[in-house]
Amino acid sequence: MEDMSKILQFDFIVIGSGIAGITYALKVAQAGKVALLTKKNRSDSNTNYAQGGIATVFNSDDSPQSHIQDTLEAGAGLCHRDVVEKVIAESQAAIEELIQIGVEFSKNATGHFDLGREGGHSRRRVLHAKDITGQEIERALLNAVQRTPNITLFEHQMVVDFIMEPSHRILGLYAQDSASGKIVTFAAPIIMLATGGAGKVYKFTSNPDIATGDGIALAWRAGAKVGNLEFVQFHPTSLYHPTAKNFLLSEALRGEGGKLQLTSGEEFMQHYHPLGALAPRDIVARAIDAEMKKAGTTHVLLDMTHLDSQFLKSRFPQIHEKLISFGLDMTQEPLPVVPAAHYMCGGVCTDLHGETTIQNLFAAGEVACTGFHGANRLASNSLLEAVVFSKNAASRSLERFKTLSPQNIRLPEWKEGGAVESKEKIIITQNWTEIRKLMWNYVGIVRSQNRLLLAKQRLQALRHEIEEYYWKYKITPDFLELRNLSLVVQLIVECALRRKESRGLHYITDYPNQIEPKDTILDPAIDKIAQIAKD
């Protein structure tokens with residue numbers, strides 16, 4: 001660990017240690033010094049929680065055009081075709097690089113990749129490592145980081161804000177070291193945002209606790225455009241269990257033949273889509289929500305009992321073991337499931353090279369709005385988008401780095417002012433709980449204009465309380481997460497209010513029909529959303 005009392009100067013800063021952040025870091029490390037920051041432990045990332053896999057074309061009965069078509073259909077008319085074509089054209093090469101780094105995908109008895117199928121896919125094209133694909137990718141990437149001397153990994157660093165020049169040039173950032181509580185200044189002319197999504201804005205989510213929308217909030221406060229935040233993907237099958245918290249039951253279970261049933265045992269997805277239980281996620285989640293409300297039940301069932309028990313244990317070893325720990329056996333009984341907030345299809349707006357509307361600030365992975373996912377992400381396209389866009393962002397960053405002159409700008413010191421220690425941390429807990437419950441009830445799977453307006457009004461009041469707290473008391477990592485969360489939920493609600501139609505993941509009862517497809521873009525230079533005095 002370097003001396004944390006001085007300004008730490010690097011050529012590149014990467015915020016986030018998932019697939020997007022590490023892929024980018026490994027690429028740019030060939031040209032300069034890289035600071036890789038993560039707010040928890042190095043392996044704490046959404047990547048690490050990915051069960052299903054990564055989609056690409058590897059079978060002779062499949063084609064890139066088929067993958068493109070499936071992605072466009074899932075995206076409900078809002079995908080950018082040029083982005084989709086580019087990502088899928090580069091997908092095999094990107095995955096081959098992962099394999100070269102050391103990722104070991106599962107193979108069948110013939111030695112070929114054991115390709116799975118998930119919702120919305122017309123073919124088997126999902127590479128996986130059993131049901132721990134994310135863990136396997138993270139393992140290989142972190143090993144590669146350890147072999148790369150130009151990368152310095154800083155764990156437990158919670159980014160507070162970017163340091164910007166008046167001309168809108170990015171200079172670096174302030175981060176709080178969780179162990180000491182001190183503010184550390186990092187300087188670099190190029191920064192990559194790879195902070196993941198914002199699933200924790202909802203009461204029920206499949207996401208880890210780190211998913212608090214930090215990157216979106218940081219970018220917005222710095223002046224970057226964000227877009228399509230109304231499109232929050234609810235995974236249809238999160239385990240309904242009092243102690244499971246956020247345990248996801250992979251879509252690959254349905255890909256292998258799992259059936260969705262009412263608590264009576266009756267199947268229902270055939271009434272909603274020709275693909276049944278393998279329909280796109282927005283359709284399955286809404287169908288489950290509708291059936292639960294119709295029947296007045298707390299959950300539906302995912303039935304795997306008709307499948308071979310040894311196959312299930314071999315194909316899904318982690319899921320089987322976890323279920324056993326909860327007293328459930330998927331080989332013997334149907335599993336209780338409910339939808340849970342899972343993935344943000346919107347985020348910080350980028351171009352085809354992953355650059356945001358702030359020069360030299362890049363974004364990739366779930367934090368970014370690239371145009372690839374449109375109004376609904378196709379299953380297992382997330383890891384693919386992350387690795388392709390981080391590679392493209394690295395290429396553009398390396399080109400840009402060659403043209404940059406050395407920075408001789410004196411960075412402003414962090415000023416704590418008259419902030420004092422807070423003796424009422426219950427304020428943080430209360431606001432956190434209230435925001436997440438409000439978002440679940442008012443800005444969930446099915447929305448109404450009235451509930452969105454009520455959410456907007458209450459969130460404005462909460463944000464004002466949180467900002468007053470920010471300027472009065474000394475900051476902590478927990479409070480910084482709450483501050484970011486409170487900003488991101490306002491941006492989500494504003495995007496939802498501006499979309500006067502139902503499309504993909506955004507279903508609003510006041511506007512059930514679709515109109516002309518158009519992105520919802522928010523610009524902090526024009527839209528004074530969530531702007532508080534002193535902000």
Side-chain angles (χ1 to χ4, degrees), residues 49 51 119 199-209 211 232-254 258-273 276-306 312 316 319-320 322-343 379 432-448 450-452 454-455 489 505-509:
Y49 284 74
Q51 295 173 341
K200 293 300 284 188
V201 305
Y202 285 96
K203 183 179 178 181
F204 300 107
T205 177
S206 64
N207 286 195
D209 290 341
V232 181
Q233 188 172 74
F234 289 81
H235 196 290
T237 53
S238 177
L239 182 66
Y240 181 75
H241 189 277
T243 61
K245 189 179 179 182
N246 58 2
F247 187 62
L248 184 71
L249 293 173
S250 171
E251 192 148 350
L253 288 163
R254 282 175 283 135
K259 300 175 181 178
L260 284 171
Q261 302 172 339
L262 303 176
T263 52
S264 63
E266 178 188 352
E267 292 183 51
F268 60 90
M269 277 308 303
Q270 69 274 15
H271 303 308
Y272 291 90
H273 196 275
L278 282 176
R281 286 178 178 173
D282 60 324
I283 294 168
V284 181
R286 277 201 304 276
I288 292 173
D289 182 70
E291 292 294 336
M292 285 167 51
K293 288 174 178 173
K294 193 187 304 181
T297 57
T298 57
H299 61 276
V300 297
L301 300 172
L302 175 62
D303 186 13
M304 310 291 295
T305 58
H306 56 289
L312 289 175
F316 305 104
I319 292 175
H320 176 71
K322 190 73 172 179
L323 288 170
I324 293 295
S325 74
F326 292 131
L328 299 168
D329 185 346
M330 66 176 169
T331 69
Q332 300 297 317
E333 59 193 318
L335 305 171
V337 295
V338 291
H342 184 57
Y343 190 89
W432 182 281
T433 302
E434 187 171 349
I435 287 171
R436 297 181 67 210
K437 187 175 180 180
L438 185 149
M439 287 294 289
W440 183 261
N441 291 332
Y442 287 7
V443 199
I445 297 171
V446 176
R447 302 159 180 179
S448 73
N450 183 52
R451 275 181 282 151
L452 290 174
L454 289 171
V489 292
L505 300 165
H506 175 71
Y507 186 85
I508 182 165
T509 55

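If you're wondering where the values come from, they're calculated on a predicted model, not measured in any experiment. Both backbone and side-chain heavy atoms feed into the values below; hydrogens, waters and symmetry mates do not.
The shortest non-hydrogen separation linking Gly258 to Met304 is CA-SD, 3.3 Å. Across Phe234 and Ala341, no two heavy atoms sit closer than the pair CD2-N, 3.4 Å. Leu301 approaches Thr263 most closely through the heavy-atom pair CD1-CA, 3.9 Å. The nearest pair of heavy atoms linking Ala285 to Pro339 is O-CG, 4.0 Å. Between His299 and Pro336, the closest heavy-atom pair is CD2-CB, 3.5 Å. The shortest non-hydrogen separation linking Gln270 to Glu267 is NE2-O, 3.2 Å.
Using a 4.5 Å heavy-atom cutoff, the side chains of Gln261 and Leu302 are not in contact. Under the 4.5 Å side-chain criterion, counting only non-hydrogen atoms from C-beta, Thr509 is in contact with Val446. Using a 4.5 Å heavy-atom cutoff, the side chains of Met292 and Thr297 are in contact. Using a 4.5 Å heavy-atom threshold, the side chains of Tyr442 and Leu454 count as touching. Residues Ile508 and Leu452 have side chains in contact (heavy-atom distance under 4.5 Å, counting atoms from C-beta outward). Under the 4.5 Å side-chain criterion, counting only non-hydrogen atoms from C-beta, Arg436 is not in contact with Trp440. Using a 4.5 Å heavy-atom threshold, the side chains of Val300 and Phe268 count as touching.
A side chain to side chain contact (heavy atoms under 4.5 Å, CB included) with Leu239 holds for exactly one of Leu248, Ile319, Leu323; it is Leu323.
Thr205 places no side-chain N or O within donor-acceptor distance of the main-chain N or O of Lys200, the cut-off being under 3.5 Å. Panel note: side chain Thr237, backbone Leu249; a donor-acceptor pair is recorded below 3.5 Å. The main-chain N or O of Asp329 is found under 3.5 Å from a side-chain atom of Glu333 such that the two form a donor-acceptor pair. The backbone N or O of His342 sits nowhere less than 3.5 Å from a side-chain atom of Tyr202 that would complete a donor-acceptor pair.
Side chain to side chain, Asp303 and Thr305 meet the donor-acceptor criterion of an N or O pair below 3.5 Å. No hydrogens or angles considered: a donor-acceptor pair under 3.5 Å links the side chains of His241 and Thr243.
Atom CD1 of Ile288 is separated from atom CG of Leu262 by 10.0 Å, given to the nearest 0.5 angstrom. Remark: Leu260 CG to Leu335 CG distance equals 10.5 Å, nearest 0.5 Å.
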| field | Verdict with supporting geometry, Leu312 and His320, side chain to side chain contact (heavy atoms under 4.5 Å, CB included) | value | CA-CA 8 Å; Leu312 289 175; His320 176 71; over 6 Å; no

| side chain to side chain contact (heavy atoms under 4.5 Å, CB included) assessment of Val284 paired with Tyr272 | CA-CA 8 Å; Val284 181; Tyr272 291 90; over 6 Å; no

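Among residues at least two apart or in separate chains, salt bridge (charged side-chain N to carboxylate O under 4.0 Å, His left out) pairs with a member in residues 277-288 are Glu251-Arg281, Asp282-Arg286.
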